[in-house]
Visitor: 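Sharing a structure, written as structure tokens. Questions coming.
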Amino acid sequence: MKFNQLKVRKKQLRFAKSPIHDWGLFAMEKVDANDMVIEYIGEVIRQKVADHREKRYERMGIGSSYLFRVDDDTVIDATKMGNIARFINHCCTPNCNAKIITVDGQKKIVIYAKRDIEEGEEITYDYKFPIEADKIPCLCGSRGCRGTLN
Ligand SMILES: Nc1ncnc2c1ncn2[C@@H]1O[C@H](CN(CC[C@H](N)C(=O)O)CC2CN(CCC(c3ccccc3)c3ccccc3)C2)[C@@H](O)[C@H]1O
């Protein structure tokens with residue numbers, strides 16, 4: 001089914017302080033399992049450009065960036081141009097999935113509900129960060145928490 005034929009009734013969402021980390025994204029209405037929640041909007045850039053930007057963001061002290069890896073040569077950067085999807089936090093037992101779909105040759109990241117989500121629940125997905133040496137402790141607080149983001 002083409003992306004624009006999807007039932008793209010925008011979900012009522014809001015960003016607010018999160019018990020997981022800083023700001024998060026919350027459902028303002030019930031979301032049914034498998035419904036599309038939001039697209040992760042940002043600039044589509046090549047891996048090389050993302051590497052340079054990541055170093056620049058580190059130098060600027062903005063640390064963790066709004067970079068979302070799509071595949072081994074495509075990254076979506078929501079730092080300068082993005083939507084509220086960039087506020088979605090990680091959870092080891094998330095209520096959403098991030099799926100990559102291709103629409104007219106353009107790769108898009110769409111966040112779908114894995115299960116029914118109640119009004120007021122925080123929207124989360126598994127970041128699936130690559131394993132790294134310097135660990136980022138995970139604050140998701142869920143029973144199945146793996147302890148680190150990477
Ligand atoms: N389960 C978890 N456990 C522990 N930590 C978690 C978990 N889930 C998410 N996180 C944290 O959230 C990050 C992902 N984050 C998700 C949303 C985040 N909650 C938020 O409130 O922004 C988006 C990134 C946070 N950054 C914002 C930078 C900001 C900035 C930073 C410093 C100084 C000034 C400005 C900035 C602002 C504008 C432009 C550029 C940078 C992007 C992860 O990388 C991790 O650090």
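Residue numbers count from 1 along this sequence. Both counts, for ligands and for their atoms, begin at 1 and track the order of listing.
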Visitor: Take every heavy atom of Ile88, measure it against each atom of ligand 1, and state whether any distance is under 4.0 Å.
Guide: yes
Visitor: For Phe87, take its heavy atoms, then give the atoms of ligand 1 lying under 4.0 Å from any of them.
Guide: 17 (C)
Visitor: With a 4.5 Å limit on heavy-atom distance, are the side chains of Tyr127 and Asn89 in contact?
Guide: yes
Visitor: When the ring planes of Trp23 and Phe15 are compared, do they come out parallel, tilted or perpendicular, using 30° and 60° as the limits?
Guide: perpendicular
Visitor: Considering distance alone, does some N or O of Arg86 sit under 3.5 Å from an N or O of ligand 1?
Guide: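 Arg86 vs ligand 1: no N/O contact under 3.5 Å.
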Visitor: Could you work out, for atom 12 (O) of ligand 1, the closest of His21, Lys80, His90 by heavy-atom distance?
Guide: His21
Visitor: Has ligand 1 got any nitrogen or oxygen that is less than 3.5 angstrom from a nitrogen or oxygen of Cys138?
Guide: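 There is no such contact.
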Visitor: Hey, is Tyr127 touching ligand 1 through its side chain, its backbone, both or neither, going by heavy atoms under 4.0 Å?
Guide: side chain
Visitor: Does a side-chain heavy-atom distance below 4.5 Å link Glu43 with Ile76?
Guide: no
Visitor: Is Cys91 in contact with ligand 1, taking contact as a heavy-atom separation below 4.0 Å?
Guide: no
Visitor: Please confirm whether the backbone N or O of Asp35 pairs with a side-chain atom of Asp32, one donor and one acceptor, at under 3.5 Å?
Guide: no
Visitor: Thr79 heavy atoms, cut-off 4.0 Å: which ligand 1 atoms fall inside?
Guide: 39 (C), 40 (C)
Visitor: Closer than 3.5 angstrom, by distance alone: can the side chain of Asn95 be matched with the main-chain N or O of Thr124 as a donor-acceptor pair?
Guide: yes
Visitor: Between Ile117 and Ala27, what is the shortest heavy-atom contact and its length?
Guide: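 Answer, listing the atom of Ile117 first, then Ala27: CG2-CB, 4.1 Å.
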Visitor: Could you pull out every donor-acceptor pair under 3.5 Å between side chains of residues 137-150 and any protein atom, sequence neighbours left out?
Guide:
from	atom 1	to	atom 2	distance (Å)
Ser142	OG	Thr93	OG1	3.1
Arg146	NH1	Asp126	OD2	3.0
Arg146	NH2	Asp126	OD1	3.1
Arg146	NH2	Asp126	OD2	3.0
Thr148	OG1	Asn150	O	3.0
Asn150	OD1	Ile136	N	2.9
Asn150	ND2	Glu132	OE1	3.0
Asn150	ND2	Asp134	O	3.0

Visitor: From the options Cys92, Pro137, Cys140, select the one whose nearest heavy atom is closest to atom 4 (C) of ligand 1.
Guide: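 Among Cys92, Pro137, Cys140, the closest heavy atom to atom 4 (C) of ligand 1 comes from Pro137.
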Visitor: With atoms numbered from 1 as shown, which atoms in ligand 1 lie under 4.0 angstrom from a non-hydrogen atom of Ile20?
Guide: 1 (N), 2 (C), 7 (C)
